[in-house]
Each structure stands twice: as C-alpha cells, then as structure tokens.
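These notes are about the structure you will find just below.
All heavy atoms count here, side chains included; hydrogens, waters and symmetry mates do not. Proteins come first, then strands; the chains are lettered A, B, ... in the order of their sequence lines, and each starts at number 1.
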2 protein chains.
Amino acid sequence: MLLSKSCVYGIRAVLYLSVNDEREYVPIKEISDKMGISFHFLTKILQVLTNAGMIKSMKGAKGGVGLNQPASSISLYDVIRELDGETLFEECVLGLPGCADDNPCSMHKIWRVTKAELKKELEEENFGSLAQQITEDEIRLYDV
Amino acid sequence: MLLSKSCVYGIRAVLYLSVNDEREYVPIKEISDKMGISFHFLTKILQVLTNAGMIKSMKGAKGGVGLNQPASSISLYDVIRELDGETLFEECVLGLPGCADDNPCSMHKIWRVTKAELKKELEEENFGSLAQQITEDEIRLYDV
DNA sequence: TTATATTAAGACATAAGAGTCTTTTATCAC
DNA sequence: GTGATAAAAGACTCTTATGTCTTAATATAA
C-alpha cells in the first residue's frame, strides 16, 4: 500500500475542508459522516494536522476544524509528510542501509526516478486546485 | 511503505539464488544467514514462491531451494505480484471504490502515470540482469 | 449558570504484519 | 535401516496499524 489509511483519511478530510473553505469551522462529525470515516479515528488524525499548523480547531458549539492557510498553499505532499513521514521518498526500497546513488541496491535505479517524479507531482498539486476540480465535478470526493 | 517486508525479503532471496544460479539447491539457512533474515520467516516466504512455481525445493540433506526457471525470465514484478499482490498497481490510492479514468479521485491523475511507469520498469527488470550487475559489483546484495 | 456541542486526550480492543518455535515429512549418506 | 539434514506445516508470540470508547476541557447559547 502506497499510503496508510490515516494518510488517505487525512487527505480526504483536507479535501472536504478545502471544498468548504468559506466556512470557518466544520465539525469533525460532519466530515466523518459524509466521508464514511470513523469519527474518533479521524479526530486523532486531524489532531496531527492541527498540531502541525495546517488546520485550526475550536472546541464547543459552533466549533470544529478549518484550514489554517489558503487551500492553494497546501500540497498533497504536505499532508503525506505530516501523516506518513517521508520514508517512502527517502529510504531504500529494499531496506538496505547506506543505499545511495554511488552504492545502489537492485531497485535503486528504478525507484529513484519514479519517486522523484511522484514527489514532484505531489508537491505541485495543491488543495485549492483539487477543490476547484471537485466543485466543477471533474473529480470525486466521496465513495460511489 | 511501498513493499512489505515479506516482499523485500523475497526479492533479496531470489537475487541470492540468481547470483548462485549454478548451484541446483541452496539451503534456506544459508540465505537467511547471509542476508540477515529470520530463517523461519524466510522459509514461509519462499514457500509462497515455491507454490507459485517460481522456485523449486528439495527436502533433506543436499536439499534447499533453487530457481525453477532462468533468472532472466523472472522479473521484479513477478516476485512483487506473488508476495504483495497487484493492489499497489490496481486499486485507487485514496481507496475510493469505482475509481477509474472517467470517474477519478484527486490522486488518480498523478498516480495513474507514475504507477504505469513503475510497473513497466519492474516488469522489464529481470533477475538475470540484476545478478550480473551484482557479480560485476555495480549494485549491492547485502547490507553494508 | 446550566445545558449542549464539540475538540483533546488517553485508555482500550481488534486485526494484520512480522517474527519465533516445534513437530512432521522427505532425502541423502553411511 | 539409521542418523543427519533440510523443507513443510502450523501453532504461537510480538508489534504496529487501525479502530472504539470514555472522560476531560472548552466554547456557545439560553
């Protein structure tokens, strides 16, 4: 699996917040209901993003979570880095310590190029653009 | 993590067998010792590859495991498919059911291209070529 | 100030992946 | 045949990821 469940849920939640960007706070319960994600699990995931400063939160009635910065300034890579770390893009695929360009493992050549491309694309794709595409019905946010 | 530990160990074991292709059977104990992999764990992984017909095995003294086909006819993708399945290359990254080109999720466009390239490269890289590169000291098989 | 809504925090439960150990079965050498 | 060697099979343990539940803290509104 490329991304952990936490990471996938995190991405989908930030997408939801990006689409609902005009609302200052959206209750996590609303997101978890709409996206079909366990409420308590999602809460823990969003706490990580809150601590990272990516989203802001407010307790109590009228509270919830919301983007803490323009959707267009948050990339897919930003969310992945917070929730899954950069292992996928940094460590040797075969787990060999000290694997590097001048001392490569058997999958090094292949993954080196692919991961660089993937990282670049994930860094360039921002949630503002994705939210717009969702609004224009070009891509999907939900199941079904 | 791109590949499971089982898959990584499987790849490294098949690499070892490819480098030692002139020997009909190599004891799993030798592979696990040399590669620093748990013997019993590796045994279970190699059983999968044996059942898949990729390697052959022989019990008893002088027994062990060996390639069941030319190293050059086994691709990295073959081993990955047996041990991790094709989920990585088939399922939607965001886990949305029914995600397809005409009904894409937010990461669909990015991953669609990347995974196709990655799959192609993994299919084209065979263990004969890798073994030769290891023998010629161009790439590494072990830690350190 | 009291009730309600909502995140924060952390204990707890379940499932899957990773790893260990023991017993059984098959093969070779003597 | 007997003993040694090695894979096969399966029970078992440990760890991590995933998911649930309960309580505390905080904000709003009546």
Side-chain angles (χ1 to χ4, degrees), chain A residues 1-13 16-17 23-68 80 82-85 87-88 94-95, chain B residues 1-13 16-17 20 23-68 80 82-85 87-88 95:
Chain A
M1 187 157 52
L2 192 74
L3 305 176
S4 71
K5 283 254 184 180
S6 301
C7 189
V8 166
Y9 292 163
I11 290 173
R12 290 171 62 192
Y16 190 91
L17 291 179
R23 300 163 62 187
E24 192 169 10
Y25 291 107
V26 177
I28 299 178
K29 189 78 176 62
E30 174 183 330
I31 308 177
S32 67
D33 282 349
K34 288 270 178 65
M35 312 289 283
I37 303 171
S38 146
F39 167 70
H40 291 288
F41 192 33
L42 184 57
T43 293
K44 285 202 294 189
I45 294 164
L46 293 184
Q47 273 173 37
V48 175
L49 299 183
T50 302
N51 292 334
M54 185 177 295
I55 65 180
K56 59 187 174 184
S57 71
M58 170 85 113
K59 291 180 181 177
K62 305 270 173 174
V65 293
L67 296 184
N68 200 28
I80 293 172
E82 292 305 335
L83 294 171
D84 274 359
T87 330
L88 181 61
L94 295 187
Chain B
M1 187 159 50
L2 193 73
L3 305 175
S4 71
K5 283 255 183 178
S6 300
C7 190
V8 166
Y9 292 164
I11 290 172
R12 291 172 61 192
Y16 190 90
L17 291 180
N20 290 274
R23 300 163 62 187
E24 192 170 12
Y25 292 106
V26 177
I28 299 178
K29 190 76 177 62
E30 175 182 331
I31 308 176
S32 67
D33 281 351
K34 287 270 179 65
M35 313 288 284
I37 303 171
S38 145
F39 167 70
H40 291 286
F41 192 32
L42 184 58
T43 293
K44 286 202 291 189
I45 294 164
L46 293 184
Q47 272 173 38
V48 175
L49 299 183
T50 303
N51 293 334
M54 186 176 295
I55 64 179
K56 60 188 174 183
S57 71
M58 171 85 113
K59 290 181 182 176
K62 305 271 172 174
V65 292
L67 296 184
N68 200 28
I80 293 172
E82 292 304 335
L83 294 171
D84 274 359
T87 329
L88 181 62

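Checking the phosphate oxygens (OP1, OP2) of dT20(C), a side-chain nitrogen or oxygen of Ser38(B) falls inside 4.0 Å.
Among all heavy-atom pairs drawn from Lys56(B) and Leu67(B), the shortest one is CE-O, 3.5 Å. In this structure, Glu82(B) and Leu49(B) approach most closely via the heavy-atom pair CB-CD2, 3.8 Å. Heavy atoms only, all atoms of each residue included: Ser6(A) and Phe41(A) are closest at OG-CZ, 3.6 Å. Taking all atoms of both residues into account, the shortest heavy-atom contact from Leu3(A) to Asp84(A) is CA-OD2, 3.5 Å.
Not counting sequence neighbours, Lys62(A) has no partner by the salt bridge (charged side-chain N to carboxylate O under 4.0 Å, His left out) test.
Between Met58(A) atom CE and dT4(C) atom C1' the separation is 16 Å, expressed in whole Å. Between the CG atom of Asn51(A) and the C1' atom of dT7(C) there is a distance of 12 Å, rounded to whole Å. Protein atom NZ of Lys62(B) is 10 Å distant from nucleotide atom P of dC28(C), rounded to whole Å. Atom NZ in Lys59(A) sits about 13 Å away from atom C1' in dA5(C), given to the nearest Å. dT27(C) atom P lies 14 Å from atom NZ of Lys56(B), rounded to whole Å.
Protein chain A touches strand DNA chain D; the 5'-most and 3'-most nucleotides with an atom under 4.0 angstrom of its non-hydrogen atoms are dT18(D) to dA29(D).
Residue Leu46(A) is classed as having no contact, given no heavy-atom separation below 4.0 Å to the nucleic acid. Across all strands shown, Phe39(A) has heavy atoms under 4.0 Å from base atoms, whether or not it also approaches the sugar-phosphate.
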Contact list (N/O, under 3.5 angstrom) for nucleotides 10-18 of chain C vs protein:
from    : atom 1 : to      : atom 2 : distance (Å)
dA18(C) : OP1    : Lys5(B) : N      : 3.0

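Mapping Pro27(B) and Gly60(A) onto DNA chain D via the closest heavy atom, the residue that lands nearer the 5' end is Pro27(B). Between Gln47(A) and Ala61(A), the residue anchored closer to the 5' end of DNA chain C is Ala61(A), taking for each the nucleotide with the nearest heavy atom.
In this structure the side chain of Ser32(B) never reaches within 4.5 angstrom of the side chain of Tyr9(B), judged on heavy atoms. The closest side-chain heavy-atom distance from Leu83(A) to Val8(A) is not below 4.5 Å.
The line from CD1 of Ile31(B) to CD1 of Ile37(B) is 8.5 Å long, rounded to the nearest 0.5 Å. Atom CG of Leu2(B) sits about 8.5 Å away from atom SG of Cys7(B), to the nearest 0.5 Å.
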